[in-house]
Structures are given as C-alpha cells and as structure tokens.
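The next block holds one structure in the form of structure tokens; read it before the comments.
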Amino acid sequence: QRAEFSEIRHYPMGPKTRSFLAISDSDYRGGEQPLDSEAHRTQFCEYILEELAQRPEVSDDDLTDLIDELVAMDLPRLVLAVAEKFPQLRTFKDFRCQLSLGVAAMLGGDFDLAEEALRAAQEILPTEPAPYINIVQILLAQSRIDEALVWCESGLEQEPNNYALWELM
C-alpha cells in the first residue's frame, strides 16, 4: 500500500530528496517529528521507487542528487534499486554519481559493481582520494594485496598526506 504523502513528510530526509518529492520546507516535519522505524524506512523506500516509476524522464543530474543524498541517509539498497531502474547511471560521467553508486554497492556487498563505479569515479576526478580509499578497502577485503598496494601508492601520489591511505598501506 502506497504511503500517504502526509506521512512521508515526517521521514528524515535531505533537501534534495524533499525537493524531488515536492515537500516544501514549511511542510517538512522530519526534523521535529521523525518517523524512523524499520517499517517507515521500508515505506519510504517503496514511496521513492513508486515516485520514480511515475517519472521515467528524471534527468541523470537529478537522479545523481537523489542517490547522493540517499547514500548519506544510509539507504544503499534503495540506491542500487534506483540504479537498476535507471541503468544509464552506471555509465553517467559524473563523479558524485559514480562515487555514490560505488559506496552504495560496497555497503550492499556488491563488490564488483562497487569497484566498477569507483574506478569510473577515479577516472573522472583522479585527484579525489575517496575512490582510491574505497577501492583499496575492496581489494583488501578480497585479499588482492598487490593490487591494493598499487592503488594506495596511486592515491598517495595524488594526495601524499592522506591519513586514510597511509593507514591502509
């Protein structure tokens, strides 16, 4: 059963998600009366997917804003469901999009997709350390030590004082 809009406005969400759902700042209640049970989380995810089903023309930029915020909201499965519904996101040449997909896939345990998206993010913005750090974590989790070392060194070439990369090294 579709969640009522009046209930959705009580779910804690960021400004991009509120904008996507056309919830005005004056109507939003997620900060003061949050509905944050597992049932509400599931209901919120279903609501987002239903909204997307009704709007197949959503731009890749708007989808990127949405999935970026959904990762921050700790909804990686929802991000992966959005990416499945909009497969063009996997090849969208946007750093935030690829980083969000990569992080969501990592959190969701899909290390192949995570590595693919994070490599794409690194190609788009090679000076940003986040893809290197996440790729190294994936490689270490898979006991691919030699590859992890190469990625650590490459990341440190970009940002020599990156604490996280030194820790992983």
Side-chain angles (χ1 to χ4, degrees), residues 11-17 20 34 36-53 56 58-169:
Y11 191 85
M13 66 186 96
K16 298 290 186 180
T17 306
F20 173 76
D36 57 3
S37 70
E38 190 59 37
H40 289 115
R41 185 180 182 92
T42 299
Q43 189 179 38
F44 177 81
C45 292
E46 290 170 357
Y47 191 88
I48 292 287
L49 291 173
E50 289 173 15
E51 280 292 315
L52 286 167
V58 179
S59 74
D60 292 344
D61 288 323
D62 288 342
L63 288 169
T64 295
D65 286 342
L66 181 65
I67 65 170
D68 184 45
E69 204 161 83
L70 294 174
V71 168
M73 293 168 61
D74 193 26
L75 296 171
R77 286 179 290 165
L78 179 54
V79 171
L80 296 176
V82 170
E84 190 172 306
K85 184 170 203 40
F86 296 90
Q88 75 273 16
L89 289 176
R90 290 183 66 166
T91 57
F92 185 44
K93 298 293 184 207
D94 181 272
F95 176 80
R96 281 185 321 120
C97 179
Q98 296 307 316
L99 184 64
S100 296
L101 286 177
V103 170
M106 277 180 73
L107 293 170
D110 185 342
F111 296 124
D112 291 337
L113 175 58
E115 186 176 344
E116 173 188 314
L118 292 166
R119 284 176 183 261
Q122 183 275 331
E123 287 178 18
I124 294 165
L125 190 57
T127 58
E128 170 59 43
Y132 295 95
I133 293 165
N134 289 314
I135 289 170
V136 169
Q137 290 174 328
I138 291 168
L139 296 172
L140 289 174
Q142 296 174 338
S143 300
R144 295 162 57 191
I145 307 303
D146 292 341
E147 289 175 80
L149 182 60
V150 169
W151 277 92
C152 261
E153 290 170 349
S154 296
L156 289 168
E157 285 175 17
Q158 299 298 321
E159 192 173 304
N161 295 320
N162 187 284
Y163 180 77
L165 286 168
W166 281 110
E167 279 291 305
L168 289 166
M169 179 76 84

With distance as the sole test, does [X] use its side chain to make a donor-acceptor pair with the main-chain N or O of [Y] at under 3.5 Å?
| X | Y | result |
| --- | --- | --- |
| Gln98 | Phe92 | yes |
| Glu147 | Leu140 | no |
| Gln142 | Arg144 | no |

To the nearest 0.5 Å, what is the distance between [atom1] on [X] and [atom2] on [Y]?
| X | Y | atom1 | atom2 | answer |
| --- | --- | --- | --- | --- |
| Leu78 | Leu52 | CG | CG | 8.0 Å |
| Thr64 | Leu89 | OG1 | CG | 6.0 Å |
| Leu118 | Ile135 | CG | CD1 | 5.0 Å |
| Asp65 | Ser59 | CG | OG | 8.0 Å |
| Leu70 | Phe44 | CG | CZ | 6.0 Å |
| Phe111 | Ile138 | CZ | CD1 | 7.0 Å |

Please collect all side chain to side chain donor-acceptor pair (under 3.5 Å) contacts where either partner lies in residues 69-86, sequence neighbours excluded, each pair once.
Thr17-Glu69
Test log, rule side-chain contact (heavy atoms from CB on, under 4.5 Å), inputs Tyr11 and Met73
CA-CA 11 Å; Tyr11 191 85; Met73 293 168 61; 3.9 Å; yes
Here's a test for you: under side chain to side chain contact (heavy atoms under 4.5 Å, CB included), which of Leu101, Ile67, Leu75, Val58 qualifies with Val82?
Ile67
Shortest non-hydrogen separation from Asp94 to Arg96 and the atoms involved:
OD1-N, 3.0 Å
Which atom names give the shortest non-hydrogen contact between Gly102 and Ala114, and what distance separates them?
O-CB, 3.4 Å
Any carboxylate oxygen within less than 4.0 angstrom of a Lys/Arg side-chain nitrogen, looking at Arg119 and Glu115?
yes
Hey, does Met169 have a side-chain heavy atom less than 4.5 Å from the side chain of Leu156?
yes
Any Leu80 side-chain heavy atom under 4.5 Å of Leu113 side chain:
yes
side-chain contact (heavy atoms from CB on, under 4.5 Å), that's the test. Do Leu99 and Asn134 meet it? Break it down for me.
CA-CA 9 Å; Leu99 184 64; Asn134 289 314; 4.1 Å; yes
Please collect all ring-ring contact (aromatic ring centres under 6.0 Å, His included) contacts where either partner lies in residues 144-169, sequence neighbours excluded, each pair once.
Tyr132-Trp151
